[in-house]
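Below is one structure; the comments refer to it alone.
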Amino acid sequence: MKGWHGRLLNIDLTTGRSWPEALSADLLQNYLGGRGLGVRLLRDFYQLDPFDPEMPLVFAVGPLCGTAAPTAARLSVVSRSPLTGTIYDCSAGGRFAWRLKAAGFDALKIVGRSSAPVALGITPQGGEFLPADQLWGRRITETVQALETKGSVAAIGPAGENRVLYANIMMGEGNSVGRGGLGAVMGAKNLKALVVDGQLKTSIVDQQRFTEARQDVIRLFKASPVIYGDLGIANYGTPALVDLMAQRRMAPTENFRKTVFADADQYSGPAIRKAFQPKNHGCYGCPIQCKKSLQDGTPLPEYETVNHFGALNGINDLRSIVNSNNLCNQLGMDTISAAASISAWGEARGRFPRAEEIGALLQEIAARQGDGDQLAEGAKRLTQKLGKPQLSMSVKGLELPAYDPRGAYGMALAYATSNRGGCHLRAYPISHEILRKPVATDRFDFAGKARIVKIAEDCNASIDSLVACKFSFFGASLEEYAELLSAATGVEYSPQALKTIGERIYLTERYYNQQLGFSCQDDLLPERFFTEAGSSGDGIEVPPIDRSRFEAELQKYYRIRGLDSQGRFIQADFLEQQP
Amino acid sequence: MIRQIEKYADKLYADGSALPGRTALLAQDDCLLTWGAEELFSLGRAIIERLNVVSLVLAQPALPFMELLLQRVAEAETQLVPLDTETRTFLHDIPLVRKSDFSHADPQHLVELLGQRKGILVEGVGILATGSVTVEQAYINYSSVYHAVYVKTLFDLLCAAPPSETELQLLQPLWAQLEQPIASRVADLYQGELAEKSQILAAMQQAGLRTVELKLVDSFFGNLSCGQGDQLYISQTGASLDDLAGCIDLVPNDNSSTAGITASSELIAHRAILAETGAATILHGHPKFSVILSLLCDETACGITDCWKDCAKVRYLGPVPVVAGEVGAGGIAKKVPPVIAQQGIAVVYGHGVFAIGQQDYRQPLEAMIALENWCREEYLRRLKLRCPQMNLQETL
Ligand code: SF4
Ligand SMILES: [Zn+2]
């Protein structure tokens, strides 16, 4: 086998055992790796409680990891989310993924619960259990520093230990496995960190063909204004979107009561550049390097983070926002959900927190002390407790990121259909509705969006399984990645074949969710978006979303997906029919 | 969605790239929509239903390039490698399928190829192109393939085997088109300095539309900008030149806002040209004969193989300079500014033309028209030289 190693490492934290297991070529070719492989490996476990010791936590790389394929040094972590209750995966870049592949494994499957805090050392020889009592309670940087002589580190912070429902797993270089709280799943296993090392090469079948496909990708990156343009993400990072979202009047402000924040220019891409003269950095081996950091290496916030610690909480102080980002990274929790939970809480009690109050709140959340204990449960549970469930701006319990659905109707639909809850990356309609890639669509029109969303969900499920970065696709397409994959593995893949794999993965996730009790009642946006207008102005009208149009398009989506009008599977034996 | 289909069907006819009666457009929402030549529906349906896409165009090119291409390429050839750099960048090679290689009843072979590429060439049918987001996307992919085939066929007539009499006959409609130079219809366009925002936007829309109406370019290929003080108005990436309303970004030169992240991928080139030349306006498009002639090179002892990006020479089409350089963050922004002031116009190898104006869009548009007319004449002149035994005039 080329591209893949065909090996998985099992780890049982309860018994302290680790043992390799062969992965069949068939399984790998049908699910690729990353998200797809992880989701498949959960088939017999997805009904377990996220905090059940036997619930697996899967770390899976893809066939392109370890090669020179652009943006492919990534992995997906898959389990069930304690925040949403859905099947959950998150992709992250970094040296950790690369090293895991170089240790000779396509995936790690971790089950059980250690009786005491433990760290796992992973080498080509297998797993080693390292006592971690001394590390428990420590922040991310300290934890990484304590372990990094042994290899690349992925760790949880206090938030994961204390089961904050949106706790992250943090990669040593600052990349995060974010949003759905897989850090809490790791914490529940008493697993503080993993450290991987290895030097194995990922061999490629056809080097010449691979090199040509790689050149094609790079040429497309260069032709993409969003990637390498003067104003693109390679230059400004994702905060390049601040100005654009302000101009399009769809930047969520004050818990989505408004869609424009007058002071957004305080934390825009140019403002960040001016304030910090940041360094470029990014995921390991990525030619785009969209992440920006302070000169000392401290990561600067992404677009979603600046908006949510900024506009969403009515804060215009860039330094406070950078601090909040930094604290979340150190405590190991998701910036979007943390900021959105604070914002919902702010609206519920009639006052958004001041910039100087945020730091203490974040620490309380990670420690589950004071108000932090409620905030650690996420916006949905929090607002339910406060008797104001309508103030939770979330879908399936996942707090919405920084694209107001009233300003992009494909995004509205995609939030609803996302099988990990309110996430912008499943179908990423912002790409065409706002950034005009690969072509522009009318953001205030539902027409055609159902199929566009469906196709994009399929594409992205396969991209998450390769595992490549979504940002590549502001320039390249599945065509070039299929070519890279075919050249690497010697198995012929077409874009169409990748979409078919993506569809299988997507439907499998939806099937799991259905078995877990999710229904069309959960494919819904918060009421606010149907009843309150956004902030119109500058010739742009931002009305509430027309509910009947939304529902009609959702019905279309179900039909296109082959589901019934309640969004349910028509074949009861769907899962048995899958490879 | 039916509105979208009609809009792009109209465009296919208006730009003269597809043959009426031999063109069909299919799109699927939650049901399948069809438009155009009914005899293509069953083939189209059999294809689109097996692909995870939104739209499909099947059309016979209005000019008989397919016939020429199929006669010229070896029987064993299964793809066409575009010569123009945009198509090469975005579509790579274009699969070529002969009649004998597929059946209308079961077009699985075509399905597989369209599962790999955004556009393919099929004997007897024409160009097939898909879109996975919109109907427009299938139209754009169709146009790109058409452009590639046009450029490749006419280039080969000059540089590969000389045309046979049959070929010259087949291309009769083209020669007839070329007989009429493109009219220099600019007198009714905005004249003088463009100062007000509304005036600038209107002038840009007007110039874009005219460039398409004159058939200088297909609507999707091109962009334009207008400098104003310390900022720049520029068309957005993927905007159609004949449909620019709402698709123009204002970009400050000091990058104090990044809202222009949606601007044309040539923003860097536009900025560099304006800075270097002090011009007020820029028009960029891909007129076909300028592109074809830019590919001609008399060098015999040059070691460079990727001329389109690596050639360091400045060559000339008449007085107009030709340089090489990649799209976007590649070389255009470096290579064009130093040469464009000479004539107010410059050509990028295998790609297209940049023209500048001191005030409005009349000057760049006129220059682009003049160059394209010159290139058409020069093309015919060279073609006649290649086949002295034939009297091209008579064939016309
Ligand atoms: S584009 Fe950015 S997020 Fe994506 S792989 Fe590169 S550095 Fe990482
Ligand atoms: Zn161009």
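Note that these values count all heavy atoms, side chains included, but never hydrogens, waters or copies made by symmetry. So that the names make sense, note that chain A is the first sequence line, chain B the second, and so on, each numbered from 1.
- Using a 4.5 Å cut-off between heavy atoms, B:Lys118 touches chain A through backbone and side chain atoms alike.
- In this structure, A:Phe471 and A:Tyr428 have tilted ring planes: the angle between them lies in the 30° to 60° band.
- Atom-to-atom distance recorded for A:Tyr506:OH and A:Arg561:CZ is 6.0 Å, nearest 0.5 angstrom.
- For A:Asn235, no part sits under 4.5 Å from any heavy atom of chain B, backbone or side chain.
- Residue contact with chain B, scored on non-hydrogen atoms closer than 4.5 Å, is absent for A:Gln555.
- The most heavy-atom pairs under 4.5 Å with chain A, out of B:Met1, B:Gln4, B:Gln236, come from B:Gln236.
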With side chain to side chain donor-acceptor pair (under 3.5 Å) as the test, would you mind laying out the steps for B:Tyr146 and B:Asp15 before giving the verdict? CA-CA 11 Å; B:Tyr146 180 77; B:Asp15 65 21; over 6 Å; no
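- For A:Arg248, the part sitting under 4.5 Å from any heavy atom of chain B is the side chain, from C-beta outward, and nothing else.
- Neither the backbone nor the side chain of A:Leu478 comes within less than 4.5 Å of any heavy atom of chain B.
- A salt bridge does not link B:Lys11 with B:Asp218: every distance from a Lys NZ or Arg NE/NH1/NH2 to an Asp or Glu carboxylate oxygen is 4.0 Å or more.
- Heavy atoms closer than 4.5 Å to chain A are found in both the backbone and the side chain of B:Ile261.
- Comparing B:Val251, B:Asp254, B:Thr262 by heavy-atom pairs within less than 4.5 Å of chain A, the highest count is held by B:Thr262.
- Residue contact with chain A, scored on non-hydrogen atoms closer than 4.5 Å, involves the backbone and the side chain of B:Gln28 alike.
- Ranked by non-hydrogen atom pairs under 4.5 Å with chain A, the options B:Asp29, B:Leu51, B:Val53 are led by B:Asp29.
- Most heavy-atom pairs under 4.5 Å with chain B: of the set A:Asp445, A:Val439, A:Val242, A:Ile434, this distinction falls to A:Val439.
- For the residue pair A:Asp243 / B:Thr258, a side-chain donor-acceptor distance below 3.5 Å is found, with atom types taken as modelled.
- Using a 30° and 60° split on the angle between ring planes, B:Phe221 and B:His286 fall in the parallel class, below 30°.
- Within the 4.5 angstrom heavy-atom criterion, only backbone atoms of B:Ser256 (N, CA, C, O) approach chain A.
- Your options are A:Ile452, A:Ile227, A:Ile560, A:Asp230, and the one with the most heavy-atom pairs under 4.5 Å with chain B is A:Asp230.
- With no hydrogens or angles considered, no side-chain donor-acceptor pair links A:Tyr481 and A:Ser462 at under 3.5 Å.
- A salt bridge links A:Glu302 to A:Lys291: at least one charged side-chain nitrogen sits closer than 4.0 Å to a carboxylate oxygen.
- No salt bridge links B:Lys7 with B:Glu136; every basic N to acidic carboxylate O contact stays at or beyond 4.0 Å.
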Verdict with supporting geometry, B:Val54 and B:Gln137, side chain to side chain contact (heavy atoms under 4.5 Å, CB included): CA-CA 9 Å; B:Val54 167; B:Gln137 206 179 7; over 6 Å; no
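- Neither the backbone nor the side chain of A:Ala482 comes within contact range of chain B; no heavy atom of the residue lies under 4.5 Å from a heavy atom of that chain.
- The residues A:Lys556 and A:Glu553 are annotated as salt-bridged, a charged nitrogen and a carboxylate oxygen being separated by less than 4.0 angstrom.
- Here the CD atom belonging to B:Glu49 is positioned 11.0 Å from the CG atom belonging to B:Leu56, to the nearest 0.5 angstrom.
- With a 4.5 Å cut-off on non-hydrogen atoms, A:Lys454 touches chain B through its side chain but not through its backbone.
- Using cut-offs of 30° and 60° on the angle between ring planes, the pair B:His270 and B:Phe354 is perpendicular.
- Residues meeting the side-chain contact (heavy atoms from CB on, under 4.5 Å) test with B:Thr237, sequence neighbours left out: A:Pro225, A:Arg436, A:Lys437.
- In summary, the aromatic rings of A:Phe446 and A:Tyr557 are positioned with their centroids too far apart to meet the 6.0 Å limit.
- The contact between B:Ala239 and chain A is made by backbone and side chain atoms together, counting heavy-atom distances below 4.5 Å.
- Along residues 107-116 of chain B, the residues that come nearer than 4.5 angstrom to chain A, judged on non-hydrogen atoms, are B:Gly115, B:Gln116 in order of number.
- Chain B forms more heavy-atom pairs under 4.5 Å with one residue of A:Gly269, A:Gly448, A:Ala271, A:Ala447 than with any other, namely A:Gly448.
- Here A:Glu479 is the residue among A:Glu479, A:Arg273, A:Gln247 with the most heavy-atom pairs under 4.5 Å with chain B.
- Looking at B:Glu266, there are no atoms closer than 4.5 Å to chain A (heavy atoms on both sides), in backbone or side chain.
- The contact between B:Arg50 and chain A is made entirely by backbone atoms, counting heavy-atom distances below 4.5 Å.
- The pair A:Lys449-A:Asp442 does not count as a salt bridge, with every side-chain nitrogen at least 4.0 angstrom from each carboxylate oxygen.
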